[in-house]
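A short write-up of the structure that comes next.
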Protein chains: 2
Amino acid sequence: MSKPSSKASAASKLLRGGLPSVPGAGRRAQFSAATKRALVDVAERLFTEDGYTGTSLDAIVAGAEVTKGALYHHFNGKRALFEAVFERVEGEAVRVIQAAMKAHRDPWDKAVAGLRAFVDVVQQPGYRRVVVQEAPAVLGYEGVREQEERSSLAVVHDLVGQLLVDRDRPVDAGLVATFSRILFGALAAAGEVVAESDEPTDASRRVEIAFGYLISGMQLLREAGVALPTADELAEPDAIADENAADDESDTRG
Amino acid sequence: MSKPSSKASAASKLLRGGLPSVPGAGRRAQFSAATKRALVDVAERLFTEDGYTGTSLDAIVAGAEVTKGALYHHFNGKRALFEAVFERVEGEAVRVIQAAMKAHRDPWDKAVAGLRAFVDVVQQPGYRRVVVQEAPAVLGYEGVREQEERSSLAVVHDLVGQLLVDRDRPVDAGLVATFSRILFGALAAAGEVVAESDEPTDASRRVEIAFGYLISGMQLLREAGVALPTADELAEPDAIADENAADDESDTRG
DNA sequence: CTGAGTACGTACCGTGAGTACGTACCGCAG
DNA sequence: CTGCGGTACGTACTCACGGTACGTACTCAG
């Protein structure tokens with residue numbers, strides 16, 4: 001605790017931080033990072049192929065050509081290794097999606113581009129297996145949410161905020177968050193549909209049409225002057241009755 | 001295979017089936033069913049509390065006051081036991097939801113009632129943990145889908161079919177299926193939002209408003225004459241361009 | 001009453017996650 | 001260059017847990 005070891009580690013950090021222009025600085029650290037990367041690489045492959053419980057640490061360390069000693073030196077255990085894989089896969093997915101959205105400036109165009117990119121991403125076996133299928137059971141729903149909240153869900157949240165926000169109408173923030181999560185779930189399901197389909201092209205078109213239908217409806221509502229309630233309106237029950245009026249109209253129709 | 005044992009089991013089945021008015025018939029079989037139920041009961045509790053890998057078979061058999069011999073007599077293994085728990089939880093959920101929808105006849109009212117019931121169901125820890133969180137990793141995404149396809153997803157599918165179908169307009173069946181899956185994913189996410197929230201009442205209202213917004217948009221589209229493409233229209237690219245026209249309008253707006 | 005079959009109980013094995021400890025190597029003070 | 005502290009591993013072991021093989025008591029038809 002009170003040992004000067006902390007001083008030494010701080011010195012090494014300063015060294016690496018202070019000499020970024022010398023790539024040869026810290027050969028030791030570079031080798032270390034290489035084995036760590038190798039472990040994550042192999043783990044990502046095996047977790048994707050055989051799932052979490054389906055892959056043994058022995059298989060991972062064998063693939064990375066190291067031993068369990070190395071693994072437990074870099075990670076606290078199997079969960080931690082999986083988490084590292086998860087973060088990598090998730091991060092890469094967000095990068096791809098954001099890149100696809102960057103090409104557009106109109107929020108609705110961004111939405112469509114993001115939708116397509118997301119559907120593509122979910123088709124990748126790594127994302128499907130690690131993030132969608134295994135992560136909830138391994139890291140728990142809470143842990144997955146925390147990660148997604150500052151990555152893929154954040155992207156959706158920003159987008160939904162841009163879509164729903166009205167100039168002089170501060171839509172309830174909680175409602176925007178709820179909408180984002182719902183849309184996120186819808187997106188994940190859409191991706192699953194495409195990923196499972198034996199004809200991804202047709203499936204993608206169906207997905208885009210379905211989302212286009214939903215989005216068109218939202219646009220129509222907006223043009224018709226039907227807006228989501230603000231935080232103030234949410235507090236008073238009148239706002240909800242007002243909102244439900246749209247539903248009740250259909251009763252007279254059928 | 002060719003042994004007369006099959007004859008005996010058939011006889012016992014005939015016995016139980018032919019004498020339903022005598023509850024004492026087959027005391028042996030009744031005890032057997034009781035222990036099986038006890039195993040599923042305890043397993044459901046422990047799986048819900050500690051997850052799949054978090055609960056050992058020893059804990060389950062201890063809770064049911066039997067031994068592993070009994071467990072492996074009734075189930076092929078841990079997975080099979082989990083599957084039995086899964087089917088029970090899922091079946092119960094469907095029962096509740098269908099009961100809630102039965103009270104209404106208008107499809108839109110049914111939708112709202114089903115939505116509320118589903119949101120309630122997903123709040124239950126058993127459904128959350130077993131069906132939503134653990135099942136994909138344990139049974140695989142395929143297995144879960146097969147189960148849901150003939151239970152909760154089927155309910156949504158029927159409902160969506162009623163909502164989207166036009167009198168003389170046979171909307172593409174694949175599109176209805178896609179829509180159902182997307183909505184199902186949205187519902188699951190909505191349930192999660194409510195389940196995680198520390199103020200479920202407010203969260204439920206937000207969820208209902210969000211879905212109400214989406215549904216209202218769909219109703220408006222329908223009233224405006226915008227319909228989903230039929231199977232024929234889906235085949236020719238013109239139909240898609242026609243459908244996307246609704247999106248492109250917004251480009252001129254912003 | 002008796003043999004066959006069921007419904008368990010008991011004892012054991014293999015696998016795999018995690019741990020304790022040894023060690024070789026690097027980088028630095030002297 | 002030379003000990004020396006610390007890092008980056010390797011090795012050997014433990015223990016929990018899923019699964020299996022086999023023994024046994026009880027039941028029930030004939």
Side-chain angles (χ1 to χ4, degrees), chain A residues 3-16 18-19 22 24-39 43 46-47 50-82 138, chain B residues 1 3-16 18-19 22 24-39 43 46-47 50-62 64-82 138:
Chain A
K3 275 190 173 183
S5 63
S6 58
K7 185 184 164 195
S9 87
S12 70
K13 273 194 177 179
L14 279 175
L15 186 78
R16 263 179 284 173
L19 297 173
V22 182
R27 287 162 30 198
R28 191 94 184 282
Q30 282 195 343
F31 282 136
S32 175
T35 63
K36 188 171 182 177
R37 265 197 54 211
L39 281 167
L46 295 182
F47 282 153
D50 308 322
Y52 181 75
T53 56
T55 61
S56 67
L57 293 184
D58 289 336
I60 293 173
V61 297
E65 292 178 333
V66 292
T67 60
K68 294 173 78 170
L71 196 157
Y72 275 91
H73 173 71
H74 289 288
F75 302 97
N76 283 334
K78 200 182 182 185
R79 279 176 65 105
L81 178 57
F82 180 86
V138 177
Chain B
M1 293 295 190
K3 275 189 173 184
S5 63
S6 58
K7 186 185 162 195
S9 85
S12 69
K13 274 195 176 176
L14 279 174
L15 185 77
R16 264 179 282 174
L19 298 172
V22 182
R27 287 164 30 199
R28 192 93 185 286
Q30 281 194 346
F31 282 137
S32 175
T35 64
K36 188 171 183 176
R37 265 197 51 211
L39 281 168
L46 295 182
F47 283 152
D50 307 322
Y52 181 75
T53 56
T55 62
S56 66
L57 292 184
D58 290 336
I60 293 174
V61 296
E65 291 178 335
V66 291
T67 59
K68 295 172 77 172
L71 196 158
Y72 275 90
H73 173 73
H74 289 288
F75 302 96
N76 282 334
K78 200 183 183 185
R79 279 177 66 104
L81 177 58
F82 180 85
V138 177

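Numbers restart at 1 for each chain; the letters A, B, ... are given by sequence-line order, proteins then strands. Reckoned from all heavy atoms, side chains included, excluding hydrogens, waters and symmetry mates.
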Counting only side-chain N and O atoms of [X], is one of them less than 4.0 Å from OP1 or OP2 of [N]?
{"X": "B:Thr35", "N": "C:dC8", "result": "yes"}
{"X": "B:Ser32", "N": "C:dT6", "result": "no"}
{"X": "B:His73", "N": "C:dA7", "result": "yes"}
{"X": "A:His74", "N": "D:dA8", "result": "no"}

Checklist entry - For B:Arg79, what residues pass the salt bridge (Lys or Arg N to Asp or Glu O under 4.0 Å) criterion, not counting sequence neighbours? => result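 Residues passing salt bridge (Lys or Arg N to Asp or Glu O under 4.0 Å) with B:Arg79: none at all.
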
Checklist entry - What distance do B:Arg37 atom CZ and B:Gln30 atom CD have between them, rounded to the nearest 0.5 Å? => result 11.5 Å

In whole angstrom, give the distance that lies between atom [atom1] of [X] and atom [atom2] of [N].
{"X": "A:Lys78", "N": "C:dG16", "atom1": "NZ", "atom2": "P", "result": "9 Å"}
{"X": "B:Gln30", "N": "C:dA7", "atom1": "CD", "atom2": "C1'", "result": "15 Å"}
{"X": "A:Arg79", "N": "C:dA17", "atom1": "CZ", "atom2": "P", "result": "14 Å"}
{"X": "B:Phe75", "N": "C:dA7", "atom1": "CZ", "atom2": "C1'", "result": "14 Å"}
{"X": "B:Leu81", "N": "D:dC17", "atom1": "CG", "atom2": "C1'", "result": "15 Å"}
{"X": "A:Leu39", "N": "D:dA8", "atom1": "CG", "atom2": "P", "result": "13 Å"}
{"X": "A:Tyr72", "N": "C:dT19", "atom1": "OH", "atom2": "P", "result": "7 Å"}

Contacts of type side chain to side chain contact (heavy atoms under 4.5 Å, CB included), residue [X], not counting sequence neighbours:
{"X": "A:Ala80", "result": "A:Phe75, A:Asn76"}
{"X": "B:Ala70", "result": "B:Val66"}
{"X": "B:Ser56", "result": "B:Asp58, B:Ala59"}

Checklist outcome for this item: Note: A:Leu71 and A:Leu39 closest approach over all heavy atoms is CA-CD1, 3.9 Å

Checklist entry - Shortest non-hydrogen contact from A:Lys78 to A:Leu57? => result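 What the structure gives for the nearest pair is CG-CD2, 3.6 Å.
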
Checklist entry - Under a 4.0 Å heavy-atom cut-off, which of residues 50-58 of chain B touch DNA chain D? => result B:Thr55, B:Ser56, B:Leu57

Item to check | Canonical and wobble pairing (Watson-Crick, G-U, under 3.5 Å) of DNA chain C, dot-bracket with | | outcome: ||||||||||||||||||||||||||||||

Next on the checklist: Taking ring-ring contact (aromatic ring centres under 6.0 Å, His included) as the definition, give me every residue that meets it alongside B:Tyr72, ordered by chain and number, with sequence neighbours left out.
Outcome noted: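 If we apply the ring-ring contact (aromatic ring centres under 6.0 Å, His included) test to B:Tyr72, skipping adjacent residues, there are no hits.
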
Next on the checklist: Among residues at least two apart in sequence or on other chains, which ones pass side-chain hydrogen bond (donor to acceptor under 3.5 Å, both in side chains) with A:Thr35?
Outcome noted: A:His74

Strictly under 3.5 Å: I want the nitrogen or oxygen pairs between protein and nucleotides 9-12 of chain C, one per line.
| residue | atom | partner | partner atom | Å |
| --- | --- | --- | --- | --- |
| C:dG9 | OP2 | B:Thr67 | N | 2.6 |
| C:dG9 | OP2 | B:Thr67 | OG1 | 2.5 |
| C:dG9 | O5' | B:Thr67 | OG1 | 3.1 |

